[in-house]
Participant: 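This is the structure, below, for whatever I ask next.
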Amino acid sequence: MSIFTDLAHQYIDGEWLAGTGSWDIIDVNPYNGEKLAAVTVATVEQVDRAYRAAERAQRDWAATGPYARRTVLERALRITEERHKEIVEAMIDELGGTRPKAEYEVHLAMEFLREAVQLAVRPDGRTLPSPVAGKENRVQRLPVGVVAVISPFNFPFLVTLKSVAPALALGNAVVIKPNQNAPVAGGGIIAKIFEDAGLPAGLLNVLVTDIAEIGDAILTHPVPKVISFAGSDRTGRHVGSVAARHFKRTVLELSGNSALVVLDDADVDYAVDAAVFSRFVFQGQVCMAANRILVDAGVAEEFTEKFTARVRALKTGDPREADTHIGPLINSFQADALTALVDRAVESGARALVRGSTRGNLVEPTVLTDLPEDSPLLGQEIFGPVALLVVFDGEEEAVRLANATPYGLSGAVHTRDVERGVRFARRVETGMFHVNDSTIVDEPLTAFGGEKASGLGRLGGEATVEAFTTLKWISVQHGRTQFPI
């Protein structure tokens, strides 16, 4: 049996189950249209069952202590390493990404698992002084209880594990709702890894379903205390507002419109390499992707010539072929919408330096320039292989253009003067910014997250601990307090 046949199910309280809804989510290979699996959707009743199982199991899990939790995480890491090739193959089929993209995702996911192993045994409390004689103040860091993780299709294995692994390590239980386009990579595979690692039943649950079936039940259910969501800003606004009304904390990793900035003293060849990767990895379906390539007028001619030559050489096709750079978009809706977006931009005056064609879900890369500064395209997220090339005159204009978007997730600047790059980075309104690198960077110890419409909260390192724990103050009076009444 295939991994899709085995794992395309609901996973509730340690059992692999069929959904009890009346319709199916069809998991499809976006390159060849092959049906990988059909998953009957979970219902509101199954949402409740998953959350109640998580609530019950979490109490004992928190009480087992950090070393027992660490042991399970260590086994999960070993299993992931052993199944590395199988996971990569499944992601190529389910997501349409190339093998290097899938390898990168699994490798980085394992790095986050390694960090989660360490998180389990980090110090979890402090003793603070008191101005009151005889009093001791203990501040304990406790698990929040149950965490809901709603993950995207583009990096489903990595992004889901970024929340799931540390949440479990810190003593929480988790309910995952994977994206409908990635129910196995973002749900079933992860559940199987932890099941085989010996995670007690109920601590990790997977619900493959849709808002059309359950409404906001994932968000409004009384059990989860934190909602970790990665996806579009439109959906993120809804998640954040519903969660706030129910006094739930959120970590929101939302859309981006990153700029890769090439200053007049940049290493142009290296900047071209970074720009091609930053825009076209996984067909540009990455929140950190460089939508906009901003280039100083002094190097614009050289950069444009080299960049467009590299883009024209990118091969679009079967993601399983070793020489393919760009595979399919995730579905026909996205492919058609992106093609229409490019058509409208050209009709409105943009000039196509490279104009790719669309064949089914395969969209060849496009490079547009000469967009009017008020073009809506410059301010929005483009989830596909379309690069916008903008020439600027001087550093001040570059900063202004980089900030001329409602988003603020990532970005990069290229310059031979590192400290100039750092000064530039500080002026750009983003949660992350990189000097002489890609816009697409993620590491386990750093604070990942955005500003403006790109989200709320951070994950990574200490930020992850803050996200999935709560503080409790317990004071102990060893003497006697003198009360005024």
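Given the structure is predicted, the values throughout are model-derived calculations rather than measurements.
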Participant: Can you confirm whether Phe280 sits close enough to Val386 that some side-chain heavy atom of one is under 4.5 Å from a side-chain heavy atom of the other?
Facilitator: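 Of all side-chain heavy-atom pairs linking Val386 with Phe280, none is under 4.5 Å.
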Participant: Apply side-chain contact (heavy atoms from CB on, under 4.5 Å) to the pair Leu329 and Gln285, showing each step before the final yes or no.
Facilitator: CA-CA 8 Å; Leu329 294 190; Gln285 299 173 122; 3.6 Å; yes
Participant: On a heavy-atom basis, which atom in Leu219 and which in Lys248 lie closest, and how many Å separate them?
Facilitator: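 Shortest heavy-atom contact: O-CE, 2.9 Å.
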Participant: Measuring only between side-chain heavy atoms, which start at C-beta, is Ser255 closer than 4.5 Å to Gln380?
Facilitator: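 Counting from C-beta outward, Ser255 and Gln380 never come under 4.5 Å.
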Participant: Is Arg75 paired with Glu195 through a side-chain N to carboxylate O contact shorter than 4.0 Å?
Facilitator: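 So Glu195 does not pair with Arg75 through a salt bridge.
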Participant: Considering residues, nucleotides and ligands other than Lys472, do more than 12 of their heavy atoms fall under 6.0 Å from its NZ?
Facilitator: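 For Lys472, atom NZ is not crowded (no more than 12 foreign heavy atoms under 6.0 Å).
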Participant: Centre of Phe155's six-membered ring, under 6.0 Å away, within 45 degrees of the axis: is that where NZ or CZ of Lys101 sits?
Facilitator: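 Judged by the rule, Lys101 and Phe155 form a cation-pi pair.
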Participant: Taking the six-membered ring for Trp, are Trp16 and Tyr11 parallel (under 30°), tilted (30 to 60°) or perpendicular (over 60°)?
Facilitator: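 Plane angle between 30° and 60°, so tilted.
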Participant: Measure the CD1-CG distance between Ile382 and Asn257 for me, rounded to the nearest 0.5 Å.
Facilitator: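 These two atoms lie 7.0 Å from each other.
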Participant: What is the distance from atom CD of Glu136 to atom NE2 of His478, rounded to the nearest 0.5 Å?
Facilitator: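 The distance works out to 4.0 Å.
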Participant: Has the side chain of Asn29 got a donor or acceptor atom that lies under 3.5 Å from a matching backbone atom of Tyr31?
Facilitator: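 Judged by distance alone, yes, a pair lies under 3.5 Å.
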Participant: Specify the closest pair of heavy atoms between Thr80 and Ala76, including all atoms of both residues, with the distance to one decimal.
Facilitator: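 Result for this residue pair: OG1-O, 2.8 Å.
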Participant: Decide yes or no on side-chain contact (heavy atoms from CB on, under 4.5 Å) for Val132 and Gln477, but give the supporting numbers first.
Facilitator: CA-CA 9 Å; Val132 178; Gln477 176 52 281; 3.8 Å; yes
Participant: Would you say the side-chain atoms of Asn403 pair up with the backbone N or O of Val428, donor to acceptor, closer than 3.5 Å?
Facilitator: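 Judged by distance alone, no pair lies under 3.5 Å.
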Participant: Which heavy atom of Phe383 sits nearest to which heavy atom of Asn154, and what is that distance?
Facilitator: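 Shortest heavy-atom contact: CZ-ND2, 3.5 Å.
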Participant: Is a donor on one side and an acceptor on the other found under 3.5 Å between the side chain of Thr324 and the backbone of Gly317?
Facilitator: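 A pair under 3.5 Å: no.
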Participant: For Gly327, does its backbone N or O pair with a side-chain atom of Gln283 as donor and acceptor, under 3.5 Å?
Facilitator: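 Yes; at least one donor-acceptor contact below 3.5 Å.
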Participant: Can you tell if the side chain of Leu409 reaches within under 4.5 Å of the side chain of Glu253, non-hydrogen atoms only?
Facilitator: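 Yes. Closest side-chain heavy atoms under 4.5 Å.
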Participant: Could you go step by step and tell me if Asp196 and Arg83 meet the salt bridge (Lys or Arg N to Asp or Glu O under 4.0 Å) rule?
Facilitator: CA-CA 12 Å; Asp196 291 349; Arg83 298 176 187 171; 2.6 Å; yes
Participant: For a quick test of reading the model, state the closest non-hydrogen atom pair linking Ser151 to Gly186 and the distance between them.
Facilitator: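 Heavy-atom minimum between the residues: OG-O, 4.1 Å.
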Participant: Just do the side chain to side chain donor-acceptor pair (under 3.5 Å) check on Thr20 and Thr43 with the steps written out, would you?
Facilitator: CA-CA 6 Å; Thr20 54; Thr43 58; 2.8 Å; yes
Participant: Let me confirm one number: the CD-CG distance from Glu34 to Asp93, rounded to the nearest 0.5 Å.
Facilitator: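 Between Glu34 CD and Asp93 CG, I get 6.5 Å after rounding to 0.5 Å.
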Participant: With a 4.0 Å cut-off on N to O distance, would you call Arg99 and Glu89 a salt bridge?
Facilitator: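 Yes.
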Participant: Once rounded to the nearest 0.5 Å, what's the spacing between atom NZ of Lys225 and atom CG of Asn172?
Facilitator: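 CG of Asn172 is found 10.5 Å from NZ of Lys225.
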Participant: With a 3.5 Å distance limit and no angle check, can you tell me whether Glu94 reaches the backbone of Val184 through a side-chain donor-acceptor pair?
Facilitator: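 Pair found, side chain donor or acceptor close to backbone of Val184.
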Participant: Quick one, Phe194 and Leu161 - any side-chain contact, counting heavy atoms below 4.5 Å?
Facilitator: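 Yes - at least one pair of side-chain heavy atoms lies under 4.5 Å apart.
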Participant: Between Thr469 and Arg249, what is the shortest heavy-atom contact and its length?
Facilitator: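 Thr469 and Arg249 have their closest heavy atoms at O-NH2, 3.0 Å.
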Participant: Is it true that a side-chain atom of Gln46 and a backbone atom of Ala18 form a donor plus acceptor pair closer than 3.5 Å?
Facilitator: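 Such a contact is found between Gln46 side chain and Ala18 backbone.
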Participant: Going by atom type alone, with no hydrogens or angles, which donor-acceptor pairs under 3.5 Å involve a side-chain atom of residues 439-450 and a protein atom two or more places apart or on another chain?
Facilitator:
{"from": "Thr439", "atom 1": "OG1", "to": "Met288", "atom 2": "O", "distance (Å)": "2.7"}
{"from": "Thr439", "atom 1": "OG1", "to": "Ala290", "atom 2": "N", "distance (Å)": "3.4"}
{"from": "Asp442", "atom 1": "OD2", "to": "Lys162", "atom 2": "NZ", "distance (Å)": "2.9"}
{"from": "Thr446", "atom 1": "OG1", "to": "Glu443", "atom 2": "O", "distance (Å)": "3.3"}

Participant: Could you check if a side-chain atom of Phe468 sits within less than 4.5 angstrom of a side-chain atom of Ser163, using non-hydrogen atoms only?
Facilitator: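 Counting from C-beta outward, Phe468 and Ser163 do come under 4.5 Å.
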Participant: Is Arg49 paired with Glu15 through a side-chain N to carboxylate O contact shorter than 4.0 Å?
Facilitator: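 Between Arg49 and Glu15 there is a salt bridge, with a charged N closer than 4.0 Å to a carboxylate O.
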Participant: Distance check, rounded to the nearest 0.5 Å: Ile193 atom CD1 versus Ile87 atom CD1?
Facilitator: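 If we round to the nearest 0.5 Å, Ile193:CD1 and Ile87:CD1 are 4.0 Å apart.
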Participant: Just by modelled atom types, is the Trp473 backbone N or O under 3.5 Å from a matching donor or acceptor in the Asn137 side chain?
Facilitator: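 Checked: no pair found.
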Participant: Start with the C-alpha distance between Leu119 and Leu73, add both sets of side-chain angles, then the distance that settles side-chain contact (heavy atoms from CB on, under 4.5 Å), and finish with yes or no.
Facilitator: CA-CA 10 Å; Leu119 274 183; Leu73 268 294; over 6 Å; no
Participant: Less than 4.5 Å apart, side chain to side chain, heavy atoms only: is that true for Asp6 and Lys192?
Facilitator: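 A side-chain contact under 4.5 Å is absent here.
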Participant: Specify the closest pair of heavy atoms between Ser454 and Gly256, including all atoms of both residues, with the distance to one decimal.
Facilitator: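 Scanning both residues completely, I find the closest heavy atoms to be OG-CA, 4.0 Å.
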Participant: Hey, are Arg52 and Glu55 close enough for a salt bridge, meaning a charged N less than 4.0 Å from a carboxylate O?
Facilitator: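 Yes, Arg52 and Glu55 are salt-bridged.
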Participant: If the threshold is 4.0 Å, N to carboxylate O, is there a salt bridge linking Arg122 and Glu462?
Facilitator: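 Between Glu462 and Arg122 there is a salt bridge, with a charged N closer than 4.0 Å to a carboxylate O.
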Participant: Under a 3.5 Å distance rule, please check whether Gln58 uses its side chain to pair with a backbone N or O of Gly171 as donor and acceptor.
Facilitator: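 Looks like yes, one N/O pair under 3.5 Å.
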Participant: Please check: side-chain N/O of Arg69 versus main-chain N/O of Ala169, any donor-acceptor pairing under 3.5 Å?
Facilitator: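 Indeed, once roles are kept as given, a pair shorter than 3.5 Å links the two residues.
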Participant: Any side-chain to backbone donor/acceptor pair from Arg320 onto Gly96? Under 3.5 Å, distance only.
Facilitator: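 No; judged by distance alone, with no hydrogens or angles, the pair does not exist.
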Participant: Are any non-hydrogen side-chain atoms of Leu338 and Gln334 less than 4.5 angstrom apart?
Facilitator: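 The answer is no; the side chains never approach within 4.5 Å.
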Participant: Could you go through Tyr51 and Ile218, starting from their C-alpha distance and side-chain angles, then the distance that decides it, and tell me whether this counts as side-chain contact (heavy atoms from CB on, under 4.5 Å)?
Facilitator: CA-CA 9 Å; Tyr51 275 135; Ile218 292 282; 3.5 Å; yes
Participant: Could you tell me whether the side chain of Leu378 reaches within less than 4.5 Å of the side chain of Thr405, counting heavy atoms only?
Facilitator: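 With C-beta onward as the side chain, the pair stays apart.
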Participant: What's the spacing between Leu77 CG and Glu111 CD if we round to 0.5 Å?
Facilitator: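 Result: 9.0 Å between the selected atoms.
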